[in-house]
Amino acid sequence: MNIPKTSFPRIVIVGGGFAGISIAKGLKNKEVQVVLLDKHNYHTFQPLLYQVSTGGLEPDSIAYPIRKVLKDYINFFFRLAHVEEIRTEENTIVTNIGTLDYDYLVIATGSETNYYGNREIELNSMAMKTIPQSLNLRSLILENFEQALLTDQYHERDALMNFVIVGAGPTGVELAGALAEIKKGILPKDYPDLDTRRVQIHLIQSGDRILKEMSEKASQKAEDFLEGLGVQIWKNSRVTGYDGKTVTTNTDVDFETATLVWAAGVKGVEIKGLNAKDLLVAGSRIPVDEYNRVKGYNNIFAVGDVACMQTKDAPKGHPMMAQPAMQQGRNLGENLVRLLEDRPLEPFVYRDKGSMATIGRNKAVVDMKNIRFQGVFAWFVWMFVHLFFLIGFRNRMVVFVNWVYNYVRFDREARLIIRPFNRNYSAFKD
Ligand SMILES: Cc1cc2nc3c(=O)[nH]c(=O)nc-3n(C[C@H](O)[C@H](O)[C@H](O)COP(=O)(O)OP(=O)(O)OC[C@H]3O[C@@H](n4cnc5c(N)ncnc54)[C@H](O)[C@@H]3O)c2cc1C
């Protein structure tokens, strides 16, 4: 991999997401050699992917070059590489660009869409976990309307204009709200010769409430907001199959649609090589101790979505969200320095800063530790928090300007089919 050997211990971090970048920051200019590997050369701000899918933001505004994050860091190396295997006996990792030795290894590979073994749904549905996937979805949504103009079959036209979203967590709720706003504000202007009143947005949830990780008040308010926008919510309903045309469920309601968005779950990104018995926590997460050390290993750590730290406060591990990933990354960065200086390590303590979701213009729900609120103020808080955590001044400016423009003009100008989506071309799936 052409990385020089030095007298400093080598820490290899796999993944430049929220957790990986936080660790790197903690190791800046310390007496270590750090090698950060990622299969993308950019960090993705996943919470705003749905805005890319719905033409509200350009993809570049939620991505940030990893090399730029590391630009003033001494003894840091970035390589664009896909890590395929860990050889724990040899302290080596295998990647698509060669092998690399490590003294300490940090796995920060995040999570991927979980289809719970349903191959048919995996093949035919749309995911929204990466920027390429979001661009695929954006293209498909727009292509559907272009196609709907061409057909004289009512049945086919309706299927093209039906959108089914599975999973009513923040991703599903935010996407449903954005689609409903497009239906109201954009489609009648862009497609005057289509009866866009027939567009339907269905949000399907297996449990008895949406946003189930949030308070009941937030769930109820989000449901009211969505219904006000015309979204049809199906609770206690589990999707069982989708052949590209019909969504089947465990109830007697099926849906004809050309677009099924699967936002119903994630699982840790597995890398071959860790002792299989260690990967036993639900959702393919790697069990770690309170220092993020992978159980059974002294020099391998896992952090963020891929790690499962079971504590008294979090018996199933911490939520797979940006805050735990960033906080664990920060703590692990400091602990690695302590470890190298032979100082005692600090256990991780999660500080829950709350959760939030936006449903659309002036509509959001926020749950904080001691205060819960919904509506316009919540929407401003949601925007402020997302701008604050975006990486890069330029990105913050671009997103802010876009939001102001979209708000004032009731518009989403990134509704472009730059790279057509071809369902049969599987390379476009990821
Ligand atoms: C659509 C969507 C909306 C979300 N909204 C919110 C929200 O509103 N609030 C919130 O707190 N959280 C939200 N999340 C969750 C949040 O984004 C994740 O919890 C967070 O990104 C986890 O950070 P991480 O560092 O563990 O992983 P990630 O940020 O996913 O980073 C993992 C990195 O590892 C790299 N990688 C993976 N496998 C390999 C490999 N084999 N080789 C090399 N590199 C690899 C990836 O390219 C990626 O850069 C959302 C997620 C999605 C998908």
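Start at 1 and go down the list; that is how both ligands and their atoms are numbered.
- Considering only non-hydrogen protein atoms, atom 34 (O) of ligand 1 sits nearest to Gly15 CA, 3.3 Å.
- Ring orientation note: the planes of Trp262 and Tyr115 are close to parallel, at an angle under 30° on the 30°/60° scale.
- Contact annotation for Ala108 and ligand 1: only backbone heavy atoms (N, CA, C, O) come within less than 4.0 Å of the ligand.
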Side-chain donor-acceptor contacts of residues 324-334 below 3.5 Å, not counting sequence neighbours, with atom names and distances?
| residue | atom | partner | partner atom | Å |
| --- | --- | --- | --- | --- |
| Gln327 | OE1 | Arg351 | N | 2.9 |
| Gln327 | NE2 | Gln323 | OE1 | 2.9 |
| Gln327 | NE2 | Arg351 | O | 2.9 |
| Gln328 | OE1 | Asn292 | ND2 | 3.1 |
| Gln328 | OE1 | Gly304 | N | 3.0 |
| Asn331 | ND2 | Glu346 | O | 3.3 |

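- Distances from atom 42 (N) of ligand 1 to the heavy atoms of Ile271, Asp38, Val83, Asp305 show the closest one on Val83.
- Contacts with ligand 1 closer than 4.0 Å are made by backbone heavy atoms (N, CA, C, O) of Met320 only, the side chain lying farther away.
- The protein non-hydrogen atom at the shortest distance from atom 23 (O) of ligand 1 is Ala325 CB, 3.5 Å.
- No salt bridge links Glu181 with Lys184; every basic N to acidic carboxylate O contact stays at or beyond 4.0 Å.
- At least one test fails for Arg10 against the ring of Phe77: distance under 6.0 Å to the centre or angle within 45° of the axis.
- Residue contacts with ligand 1 leave out Pro170, since none of its heavy atoms falls under 4.0 Å from the ligand.
- Listed by number with element, the atoms of ligand 1 under 4.0 angstrom from any heavy atom of Thr171 are 1 (C), 2 (C), 3 (C).
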One pair to check against side-chain contact (heavy atoms from CB on, under 4.5 Å): Val106 and Leu336. What are the steps and the verdict?
CA-CA 10 Å; Val106 180; Leu336 285 167; 4.1 Å; yes

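- Ring planes of Phe373 and Phe377: tilted class, angle from 30 to 60°.
- Counting heavy atoms only, Gly110 comes closest to atom 27 (O) of ligand 1 of the residues Gly268, Ser134, Gly110.
- Residue contacts with ligand 1: Gln323 is placed with no nitrogen or oxygen under 3.5 Å of a nitrogen or oxygen of the ligand (distance criterion only).
- Distance check: Leu179 CG to Leu229 CG gives 11.0 Å after rounding to the nearest 0.5 Å.
- Between Val269 and ligand 1 there is a heavy-atom distance shorter than 4.0 Å.
- Nearest protein heavy-atom contact of atom 45 (C) of ligand 1 is Lys39 CG, 3.9 Å.
- Using a 30° and 60° split on the angle between ring planes, Phe145 and Phe163 fall in the tilted class, from 30° to 60°.
- Less than 4.0 angstrom separates some heavy atom of Gly304 from each of these atoms of ligand 1: 26 (O).
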Could you list the donor-acceptor pairs under 3.5 angstrom formed between side-chain atoms of residues 54-63 and any protein atom two or more places apart in sequence or on another chain?
| residue | atom | partner | partner atom | Å |
| --- | --- | --- | --- | --- |
| Thr54 | OG1 | Tyr50 | O | 2.7 |
| Thr54 | OG1 | Arg412 | NH1 | 3.0 |
| Glu58 | OE1 | Asn402 | ND2 | 3.3 |
| Ser61 | OG | Glu58 | O | 2.7 |

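- For the ligand labelled ligand 1, residue Ala81 lies inside the 4.0 Å heavy-atom shell.
- Ligand 1 has an N or O atom lying under 3.5 Å from an N or O atom of Gln46, backbone or side chain.
- Note on ring orientation: taking the six-membered ring where Trp is involved, the planes of Trp234 and His202 are tilted (angle from 30° to 60°).
- Any N or O atom pair closer than 3.5 Å counts here, and Met356 shares no such pair with ligand 1.
- For Trp403 and Trp382, the gap between ring centers is short of 6.0 Å.
- Below 3.5 Å of separation, one finds an N or O of His40 facing an N or O of ligand 1.
- The shortest N/O to N/O separation between Phe18 and ligand 1 falls below 3.5 Å.
- By the 3.5 Å distance cut-off applied to N or O atoms, Gly20 is not counted among the residues near ligand 1.
- Without hydrogens or angle criteria, Thr257 side chain to Thr259 main chain gives a donor-acceptor distance under 3.5 Å.
- Shortest contact from atom 39 (C) of ligand 1 to any protein heavy atom: Thr109 CG2, 3.7 Å.
- Screening Asn299, Ile300, Val12 against Asn91 for a side chain to side chain contact (heavy atoms under 4.5 Å, CB included) leaves a single residue, Asn299.
- Summary of contacts: the protein heavy atom closest to atom 31 (O) of ligand 1 is Gly17 CA, 3.2 Å.
- Among all protein heavy atoms, the one lying closest to atom 25 (O) of ligand 1 is Ala19 N, 2.8 Å.
- Considering only non-hydrogen atoms, atom 11 (O) of ligand 1 lies nearest to Ala322 out of Ser355, Pro47, Ala322.
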